[in-house]
Each structure stands twice: as C-alpha cells, then as structure tokens.
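Here the structure comes first, spelled out in structure tokens, and everything after it is commentary.
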Amino acid sequence: MSQSPALATYELLDHHPTDDDLEAEILRGLSAPQKALPPKLFYDKRGSLLFEDICELPEYYPTRVESQIMVNCIDELVQYIGPEASLIEFGSGASAKTRILLDSLQDLAAYVPVEISRAHLKDVSKTLQQDYPGLDIRPVCADFTKPFKLPSPTIPPLRNIVYFPGSTIGNFDLDDAIGLLRVMRQIAGVGGGLLIGVDLKKDKGILEAAYNDAQGVTADFNMNMLIRLNREFDANFDLETFHHQAPYLEDQGRIEMHLVSDREQQVSVAGETFAFGKGESIHTESSHKYDLAEFADIAGFADFRVEQVWTDPDNLFSVQYFV
C-alpha cells in the first residue's frame, strides 16, 4: 500500500492513569455489596500476552470468526474507510486483526493504537514499525473509556476512523457502553466513522465453552488480576483459595466472569482489609451479547448510525460500520 514517508522513530503519547486513580477505583469496587474489579486491571504485560493466547484457543471463536469476516469483506471495508484516513484503534493489544486492514488500505494517513498497557503498546508499536516502515504510527497510552488527546500525524487525515474489534464493547454495561461510544463519536469527529466487532447471541454451550476453556488459559487470565494486586497494590491474596467461574446469564444476555473465594478469609489491599465469605465472588468482567437491532439502538444514543453489517454464515459474530 502507498503510505506516508518512513519515520525513523515514533513518539508515544502517554495519558496513562496514575496508580492513585486506579487504587481508588479498586478500593471502591472491593467495598461494594457485589465486590468488583475494573477490567482494565487485566491488561498488564502478562495479562495482555495471556489474552493473545486466549484468542488462539479452539473454544474462543470471536477472533477466528471476526478475522474471517474481515478477510471476506476487505474490499468493502477499504471503500468505506477511504483514502488518507487516520485509523484509531481502541484497546489495540497485539493489533493482529489490524494487519488485515493495514495490508489493504491505500494512503493511510496514520495508525493510532490506543492501549492502557504501556509496555505492551511499546513492544507492539516497534514490531509494526518494522513491518510497515512507511506507516506513520502514533501510539497513545490511555484509558480509552475517557476522552484523550489525539496525536498529530505528519499528514493531516481526511477523516478519523475509530476501530474497536474483538467484541470488547460487550465488556461494558449499558450506560458505560453508551458513554464509551460517545467518546468514540467525539474522537471520530465530523465525517468520521466507527468500525466495531460485536458478538451475537447464540447457544449457551458455545458461549460458556469460550470463557471456560479446557486448557485453563482464561482462568489464568482472570487470576492474573490478583497477581497484579499482590505485586502493585500491596495485597495478600492467596491464589490457592480462589477459582475462576464464568456462567452465561441468558436472561441478561451476558457472560459474567468471577473470582470465587473457596473459604472465609480476610484480604488486605492497599492498607484496607476486606472480608470474604465462602463462595463470595469478585466480579471481574461481563461480556454482553447482542442482536443486530439491539446494538443499532445502543449506538444511536451516541449519534452513530449503522451503515453496513457483515456476519459469518452461522451468525456467531458481526463486524459493523457506523457513521
């Protein structure tokens, strides 16, 4: 593809939240009647790598199916995105699916990966710079659920396209999902668009297998939250006394991930003590599943209008483009 002139280096725009901000959010969550931890805690460097492993699991269909949808509709995607756009990926991770776009988009003004794990973002950006030497890569370390400042590409983009693959929008409850979509709408700006992956409602057995894999990688990913709390927030979780659980709640249309205490115990975090009863859990993440009409209505609250939807033959997953 034709790209901007090669850059010798790139500059990381760092809006990473402070440890004090995150600590306050952790303590609030553990003090709630249903103990909870923010999903952003998943994505330290180890957690980001574990999530990449999850995406390769046979039970975890979203990555495989979404990638195939994108390969099948890439010509249409290129037309919708258009030339000289800035592609802004929220929660970029390894940017694996992004390569399908980068290999095909013509005259892309810039690629802006936005990720909360600073170390992982630096590693992935360096690799992409090597693989796409003519691409203007402008990484941003930020909590993308809140408005953040965009970098200034060398070539001013004709439009901003927000890219949010992987069904991560499902991790947010309704109000938070609308709030995030409004942040995306602000970032997209006038004439911009949103390309997003949305997981669809389906058989309970398929869903529960995807979040309770036989190899236990998702359980390790979930438990890594406690490892991080012990390392960074002066906690003393005994990992042997918690286990991973991820049921599908059909009436609410969502998977819920929990860390369940196997016994009565007290745990210290950042100088505060929290009591756990046997069987009491910490809610770490939800993963909402939608039908197409439901998600179009939700996006409408953020002033997005659905332009095109692509799905696989089994209607497991969707890739959607909004303007």
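Reckoned from all heavy atoms, side chains included, excluding hydrogens, waters and symmetry mates.
Distance alone, capped at 3.5 Å, is enough to place a donor-acceptor pair between the D203 side chain and the G205 backbone. The closest donor-acceptor contact from the side chain of E294 to the backbone of D291 lies under 3.5 Å. When atom types are taken as modelled, the side chain of H283 and the backbone of E285 share a donor-acceptor pair closer than 3.5 angstrom. Remark: side-chain polar atoms of S67 are not paired, donor with acceptor, to backbone N or O of R64 under 3.5 angstrom. At distances below 3.5 Å, not a single donor-acceptor pair connects side-chain atoms of Q320 with backbone N or O atoms of V309. Judged purely by atom type and a 3.5 angstrom limit, E280 uses its side chain to pair as donor or acceptor with the backbone of G277. For the pair D213 (side chain) and I54 (backbone), a donor-acceptor distance under 3.5 Å is absent.
H288 and E256 share no side-chain donor-acceptor pair at under 3.5 Å. Side-chain contact, S268 with E272: no donor N or O sits under 3.5 Å from an acceptor N or O. For the 3.5 Å distance criterion, the side chains of D75 and Q79 fail to qualify, holding no donor opposite an acceptor. Counting only N and O atoms by type, the side chains of S287 and Y211 include a donor and acceptor under 3.5 Å apart. A side-chain donor from one of T284 and N222 sits under 3.5 Å from a side-chain acceptor of the other. A donor-acceptor pair shorter than 3.5 Å can be found between the side chains of R138 and T154.
Between L22 and K40, some side-chain heavy-atom pair lies under the 4.5 Å cut-off. I187 has its side chain out of reach of F144: every pair of non-hydrogen atoms, C-beta onward, lies at least 4.5 Å apart. Looking only at side-chain heavy atoms (C-beta outward), M257 and H244 come within less than 4.5 Å of each other. Contact of the I255 side chain with the S286 side chain is not registered, since no non-hydrogen atoms from C-beta on lie closer than 4.5 Å. Under the 4.5 Å side-chain criterion, counting only non-hydrogen atoms from C-beta, L77 is not in contact with L105. Looking only at side-chain heavy atoms (C-beta outward), N171 and I169 stay at 4.5 Å or farther from each other. Contact check for V267 versus L30: no side-chain heavy atoms found under the 4.5 Å cut-off. For the pair M184/F322, no side-chain contact is recorded, criterion being any heavy-atom separation below 4.5 Å from C-beta on.
Contact record, S167 with F317: CB-CE1, 3.6 Å, taken as the closest heavy-atom pair. Taking all atoms of both residues into account, the shortest heavy-atom contact from P38 to M225 is O-CE, 3.3 Å. Residues Q34 and S281 approach most closely at NE2-O, 3.0 Å, considering heavy atoms. Nearest heavy-atom pair, V112 versus S86, reported as atom, atom and distance to 0.1 Å: CG2-OG, 3.7 Å. A pairwise comparison of heavy atoms in L27 and F274 identifies CD2-CZ, 3.8 Å as the closest pair. Taking each heavy atom of T218 and A210 in turn, the nearest pair found is OG1-O, 4.2 Å.
Distance CD/E264 to OG1/T241: 12.5 Å, rounded to 0.5 Å. Rounding to the nearest 0.5 Å gives a distance of 5.0 Å between CZ of R228 and CG of D44.
Under the 6.0 Å cut-off for aromatic ring centres, F221 and F42 qualify, their centroids lying closer than that. For Y111 and Y132, the ring centers are positioned 6.0 Å apart or more.
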Could you walk me through whether F242 and F237 pass the ring pair (Phe, Tyr, Trp, His ring centres under 6.0 Å) test, one step at a time? CA-CA 9 Å; F242 284 85; F237 284 95; 5.6 Å; yes

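A salt bridge is absent between K278 and D262: the closest approach of a Lys/Arg side-chain nitrogen to an acidic carboxylate oxygen does not fall below 4.0 angstrom.
For K202, the salt bridge (Lys or Arg N to Asp or Glu O under 4.0 Å) test picks out D199, with sequence neighbours left out.
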